[in-house]
Amino acid sequence: MTDTATGRGDRRPGRSSGKALWLDSEERAAWLANSAIMISLPAALDARMQRESGMTFFEYMVLSVLSEQPARTLQMSDLAARTSASLSRLSHVVGRLEKRGLLTRARIPGSGRRTSATLSEAGYKEVVAAAPGHVAAVREYLIDGLEPHELAALQRIGASVDAAIRHRTPDTVPTASDPAETPTDPGLRP
């Protein structure tokens, strides 16, 4: 089957004879450009966040997600999903943040080993103070260099990739937050 828009054959999984479907030159160029975003952008955000606010990009995301929740509290498994992290990685980072007094953890009563994380007042102040620098970096490195139609395409691409990942590995990959759950304070998390 050929895609009439691209002239390419149907490359969906399960549609091949089992052989590797190598990327053509256009696909490879798109993949390499995206790889640069996946690797360079988080590294640049992390370096800038550490320099300007003394926290990593991931620490900022944890605090930011908590700041947007009712009572600034979220179950650790939900926090892991919303930050696209493993529970192990999240637990390690939350431990560091807890030692700094930026959040607290508490066991959730009932069966199972469920724990919640709650942003402290100090943590809220820290994330609010870091937000303008974070947003400035996101604008400088990504948003301001794109035209409105490119932003729309980037949003569609991100949603499509997220859906493909969740569809292929539903039990092992944390899901990103629901697009309908946009922050009420646009300054904290773009």
Side-chain angles (χ1 to χ4, degrees), residues 1-49 56-69 74-93 131 134-184 186-190:
M1 170 185 243
T2 299
D3 181 332
T4 56
T6 65
R8 293 189 194 123
D10 188 344
R11 294 174 177 258
R12 290 176 289 186
R15 305 279 188 195
S16 71
S17 62
K19 295 181 181 179
L21 294 175
W22 299 108
L23 303 178
D24 64 28
S25 61
E26 184 179 318
E27 292 167 333
R28 187 172 186 276
W31 168 245
L32 292 175
N34 186 63
S35 295
I37 292 172
M38 293 186 317
I39 295 166
S40 300
L41 183 58
L45 289 171
D46 197 58
R48 187 159 168 176
M49 293 289 307
T56 67
F57 173 56
F58 184 67
E59 289 171 340
Y60 174 82
M61 291 306 294
V62 168
L63 298 178
S64 178
V65 167
L66 288 173
S67 76
E68 298 164 357
Q69 303 310 306
L74 200 58
Q75 187 171 324
M76 290 285 285
S77 59
D78 293 334
L79 184 57
R82 291 175 190 232
T83 58
S84 298
S86 68
L87 276 172
S88 175
R89 178 183 186 206
L90 179 65
S91 182
H92 178 72
V93 169
H134 171 69
V135 172
V138 169
R139 285 196 161 284
E140 180 182 333
Y141 299 150
L142 182 67
I143 303 299
D144 290 346
L146 300 176
E147 298 295 327
H149 72 279
E150 293 170 320
L151 284 172
L154 185 61
Q155 183 178 3
R156 283 192 308 276
I157 292 164
S160 178
V161 170
D162 184 52
I165 291 169
R166 282 188 282 146
H167 176 72
R168 295 287 173 227
T169 54
D171 296 332
T172 59
V173 176
T175 59
S177 61
D178 185 338
E181 297 175 4
T182 55
T184 56
L188 293 182
R189 192 167 48 111

**Student:** Under the rule for side-chain contact (heavy atoms from CB on, under 4.5 Å), what residues qualify as partners of Ile37, not counting sequence neighbours?
**Tutor:**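 Here the qualifying residues are Leu41.
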**Student:** Of all heavy-atom pairs between Trp31 and Met38, which one has the smallest distance, and what is that distance?
**Tutor:**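 In this case the closest contact between Trp31 and Met38 is CH2-CE, 3.5 Å.
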**Student:** Of all residues at least two apart in sequence or in a different chain, which pass the salt bridge (charged side-chain N to carboxylate O under 4.0 Å, His left out) check with Arg89?
**Tutor:**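 Checked Arg89 against salt bridge (charged side-chain N to carboxylate O under 4.0 Å, His left out); zero matches.
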**Student:** Restricting to non-hydrogen atoms, name the atom on Glu27 and the atom on Trp22 that form the minimum distance, rounded to 0.1 Å.
**Tutor:** OE1-O, 4.1 Å
**Student:** What heavy-atom pair brings His134 and Phe57 nearest, and what distance separates the two atoms?
**Tutor:** CE1-CE1, 3.4 Å
**Student:** Do side-chain atoms of Ser67 reach the backbone of Ser64 as a donor and acceptor pair under 3.5 angstrom?
**Tutor:** yes
**Student:** Quick one, Leu142 with Leu154, criterion side-chain contact (heavy atoms from CB on, under 4.5 Å). Give me CA distance, side-chain angles, the key distance, then yes/no.
**Tutor:** CA-CA 10 Å; Leu142 182 67; Leu154 185 61; 4.1 Å; yes
**Student:** Is Thr83 reaching over with its side chain to a backbone N or O of Leu79, donor-acceptor style, under 3.5 angstrom?
**Tutor:**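 Flag set: sc Thr83 to bb Leu79 pair under 3.5 Å.
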**Student:** Could you give all pairs that pass the salt bridge (charged side-chain N to carboxylate O under 4.0 Å, His left out) test and reach residues 28-44, with sequence neighbours left out?
**Tutor:**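 Sorted result for residues 28-44: empty, none.
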**Student:** Distance check, rounded to the nearest 0.5 Å: Gln69 atom CD versus Arg82 atom CZ?
**Tutor:**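 With rounding to 0.5 Å, CD (Gln69) is 4.5 Å from CZ (Arg82).
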**Student:** Tell me, please, which residues at least two apart from Phe58 pass ring pair (Phe, Tyr, Trp, His ring centres under 6.0 Å).
**Tutor:**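 Phe58: no ring pair (Phe, Tyr, Trp, His ring centres under 6.0 Å) contacts found.
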**Student:** Okay, side chain of Ser91, backbone of Leu87: is any donor-acceptor separation there less than 3.5 Å?
**Tutor:** no
**Student:** To check you understand the geometry: which heavy-atom pair defines the closest contact between Leu45 and Ala137, and what is its length?
**Tutor:** CD2-CB, 3.7 Å
**Student:** Taking only residues two or more places apart in sequence, or in another chain, which ones meet Ser40 in a side-chain hydrogen bond (donor to acceptor under 3.5 Å, both in side chains)?
**Tutor:** none
**Student:** Taking all non-hydrogen atoms of both residues, which atom of Ile143 and which atom of Leu151 are closest, and how far apart?
**Tutor:** CD1-CD2, 3.8 Å
**Student:** Under the salt bridge (charged side-chain N to carboxylate O under 4.0 Å, His left out) rule, what pairs show up with a residue in residues 29-40, not counting sequence neighbours?
**Tutor:**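 Applying salt bridge (charged side-chain N to carboxylate O under 4.0 Å, His left out) to every pair that reaches into residues 29-40, excluding sequence neighbours, yields nothing.
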**Student:** With sequence neighbours left out, what residues match Ser25 under side-chain contact (heavy atoms from CB on, under 4.5 Å)?
**Tutor:**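 Per chain and number, Ser25 pairs via side-chain contact (heavy atoms from CB on, under 4.5 Å) with no residue.
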**Student:** Please list, chain by chain and in numerical order, all residues satisfying salt bridge (charged side-chain N to carboxylate O under 4.0 Å, His left out) with Glu150, sequence neighbours excluded.
**Tutor:** none
